[in-house]
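Chain A is the first sequence line, chain B the second, and so forth, proteins listed ahead of strands; every chain is numbered from 1. Only heavy atoms go into these numbers, but all of them, side chains included; no hydrogens, no water, no symmetry mates.
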Protein chains: 2
Amino acid sequence: MTEIAAASDRTDHVRLAPVGLGRWAAVLARGAMRGDVIELASCFTRSPERRAAFCEEFGIPRSAASYDELLADETIEGVIITTPNDTHADLVIAALDAGKAVYVDKPIAHTLDDALAIRAAVERTGQVFAVGHSARRLAGSRVMRRWIEDGALGAVSLAEANFSNERGLELTPQTWRWYADKSPGGTLIQLGVHHADNLQYLLGPVAQVSAHARRLHTAAEVPDAVMCILEFRSGALGYLGCGWASPGIYQIRLQGTRQNLLYDLDFTHWDASDQADDWSTLVSQAYRQPERSEVALPRTDMFREQLDEFALAIRGEAKVEVGVDEAIRALAVVHAALESSRRDGVAVALAPLLG
Amino acid sequence: MTEIAAASDRTDHVRLAPVGLGRWAAVLARGAMRGDVIELASCFTRSPERRAAFCEEFGIPRSAASYDELLADETIEGVIITTPNDTHADLVIAALDAGKAVYVDKPIAHTLDDALAIRAAVERTGQVFAVGHSARRLAGSRVMRRWIEDGALGAVSLAEANFSNERGLELTPQTWRWYADKSPGGTLIQLGVHHADNLQYLLGPVAQVSAHARRLHTAAEVPDAVMCILEFRSGALGYLGCGWASPGIYQIRLQGTRQNLLYDLDFTHWDASDQADDWSTLVSQAYRQPERSEVALPRTDMFREQLDEFALAIRGEAKVEVGVDEAIRALAVVHAALESSRRDGVAVALAPLLG
């Protein structure tokens, strides 16, 4: 927050360009515009009509007619990529090689091969690179981590997380999320990957994953019911459940020797991230005291904060919190889980997947 | 409820005798005395002082000086066994062979070998036999099942259950629960086995189990952190989490295509089962309607109801709901989970364990 506050009277805004101008680009653009760090200076998607509409909606002065044209624009310092997962690697690497900083939405890519290629490009170019694992910035995540760090929870033995919604029931072959080669893991790579980051943010690196993934009620090619058991390097056990065939759930529970915490979010308000915390509760429960207390949650603004942080990092005024390594760790949980499910649930180690 | 109501002006009470006169025997005795079906006519434990105290507390006219003496008492129709798990088989089989009906607390036994020996004795003697998987009788369990049966939930894809408390932090070598040979699975066989029954009551038989069991913070020999993924024959996935090193949790969540249900119980009031439902909530959440509604829960009385049912079954006036097969299915989940954990999480089928 200090960096962002210090930047609020900035006159030389960081000039960024959204790429892929769908629903999520608009959510992020609104987040950027709530801050005073970023200027959306150009944008790109293949459809000229959607470019024009996006420019008009967000007051963007111009757009590029091709991705190459955008990357050749020397006034643009970085790109915000929200295209389908299977297009991330090509677009990210091209931007990095063109000297642009890159923010890409989660997951970093659909495959670990693509993710590792991105890492090689980040290392080769030295460009600023950030991945939109924004959920760890929700007030509940921040407070849970603080309670772990200051010892209020005691030793955590079990952590459970669930992210589910009804999207799998509504998929059509017209959307890339329908297809296993574009979105392997279905609900796990779209929803579960958030908790794969959250849980590692809270409890440290995952060592191995046992999982079962099933396609039960969706007509799409991908799983709509996934359950994973994570073993953390600390020895603690984590559960990650995600469904795509039920009303929405977003929860994290931590069980410590001194205290439990239960975080619950109605994520239908997630897009307006300056208000998302208002739709969340964090409840604590202490050793030998079954009565529960609600923990006060400050307001955060995850999309604004992560984009401001990215922009300031371009200027050397901030450090990216979720870079290539954190994002690969989250994606590796997804792919370890899918491999485990193919092998009847046997635990799959993460280390060999990390390159 | 109809059988129980019909029995309320009964004059010829069913004559039962508690065996093992610890804390749980007292909880069940209070449950039996809330009804008007059962007369506690004798009792047995090895300590004469505890026998005398129990007789006085519950107005029991006499006690037996040995188990053989109790079983030779022709006025006693059945026994209520609440001794340590590893003593169940010998006591149950001796009682069945002596022509007594048997109610035994959950789990049916500590090993599947013992459980299968009990089944053989039940089949050989034809005696009435019941196991105290009482939690399925809580109002929340009953309403959840009704909502599944009448289609209100739609198709259920994910079910999650957690039963945890701090007991593992407080175990001493003086208690049988400390020892792996007497209480294999620790928190899983003591707490988790309740949900192994609840989930099969709700969703039908489990086909296979993947699990990881860890001993993290207890000084005892047994696991205090266990996570299991169950695959039901229906194809649905279930999660069963149980800890013994955190404040208490008792929850069941069902995710259906039309509706989710979340059941939450403060089980510190569990012993007074005529009031336990007052400490529980059942919340529903409908498709595309993130707002949640609380579902009204009638009051039940699980201990009274199951003991009345057992007693009436002795007279041929009721049918035992949780008999030897249901109890073995719950115990088999425990042992499949422990076997899976020894084999690194690979799924273990239940069928071969059922004898």
Side-chain angles (χ1 to χ4, degrees), chain A residues 153-158 160 162 164 166 169 208-212 214 216-217 224-231 235-239 241-249 251 253-260 262 266-269 279 285-292 340 343-347, chain B residues 153-158 160 162 164 166 169 208-212 214 216-217 224-231 235-239 241-249 251 253-260 262 266-269 279 285-292 340 343-347:
Chain A
L153 258 62
V156 174
S157 49
L158 300 178
E160 298 174 355
N162 183 311
S164 299
E166 64 288 299
L169 299 174
Q208 60 173 32
V209 182
S210 277
H212 292 279
R214 300 286 185 273
L216 295 178
H217 304 296
D224 60 347
V226 183
M227 290 188 167
C228 313
I229 300 172
L230 318 177
E231 183 171 36
L237 293 178
Y239 162 73
C242 42
W244 236 0
S246 83
I249 295 167
Q251 269 195 359
R253 174 159 52 206
L254 302 175
Q255 297 181 227
T257 48
R258 289 190 186 162
Q259 206 124 210
N260 295 338
L262 176 64
D266 174 358
F267 62 82
T268 52
H269 305 272
W279 300 91
Q285 190 189 4
Y287 182 72
R288 290 192 160 282
Q289 293 172 346
E291 298 71 26
R292 303 171 194 180
S340 171
R343 293 170 55 198
D344 233 5
V346 75
Chain B
L153 258 64
V156 175
S157 49
L158 300 178
E160 298 173 356
N162 184 311
S164 298
E166 64 288 299
L169 299 174
Q208 59 173 32
V209 181
S210 277
H212 292 279
R214 300 287 185 272
L216 296 177
H217 304 296
D224 60 347
V226 182
M227 291 188 166
C228 315
I229 300 172
L230 319 177
E231 184 171 37
L237 293 178
Y239 162 74
C242 43
W244 237 0
S246 82
I249 294 166
Q251 269 195 359
R253 175 158 53 207
L254 301 175
Q255 297 181 228
T257 48
R258 291 190 184 162
Q259 205 124 210
N260 295 338
L262 176 63
D266 174 357
F267 61 82
T268 52
H269 305 273
W279 301 91
Q285 191 189 3
Y287 183 71
R288 290 192 161 283
Q289 292 171 348
E291 298 73 25
R292 304 172 194 179
S340 171
R343 294 170 55 197
D344 234 6
V346 75

Checking heavy atoms, do the side chain of [X], its backbone, both or neither come under 4.5 Å from chain A?
X	answer
H212(B)	both
R343(B)	backbone
R258(B)	backbone
Q259(B)	backbone
L237(B)	both
T268(B)	side chain
L169(B)	side chain

Out of [options], which one racks up the most heavy-atom pairs below 4.5 Å with chain A?
options	answer
P247(B), S340(B), S246(B)	P247(B)
A211(B), A155(B), G243(B)	A155(B)
G238(B), G241(B), G154(B), A236(B)	G238(B)

Could you tell me which non-hydrogen atom of [X] sits nearest to which non-hydrogen atom of [Y], and how far apart they are?
X	Y	value
S164(B)	F267(B)	O-CZ, 3.3 Å
G235(A)	R214(B)	O-CG, 4.4 Å
C228(A)	V209(A)	CB-CG1, 4.1 Å
L216(A)	S157(B)	CD1-CB, 3.7 Å

Under 3.5 Å: donor-acceptor pair, side chain of S210(B), backbone of G345(B): yes

Name the option with the most non-hydrogen atom pairs under 4.5 Å to chain B; the candidates are [options].
options	value
E291(A), R288(A), Q255(A)	Q255(A)
Q289(A), R292(A), Q285(A)	Q285(A)
D224(A), D266(A), N162(A)	N162(A)
E231(A), M227(A), R253(A)	M227(A)

Rounded distance (nearest 0.5 Å) linking atom [atom1] of [X] with atom [atom2] of [Y]:
X	Y	atom1	atom2	value
N260(B)	I249(A)	CG	CD1	4.0 Å
T257(B)	L153(B)	OG1	CG	8.0 Å
I229(A)	Q208(A)	CD1	CD	10.0 Å

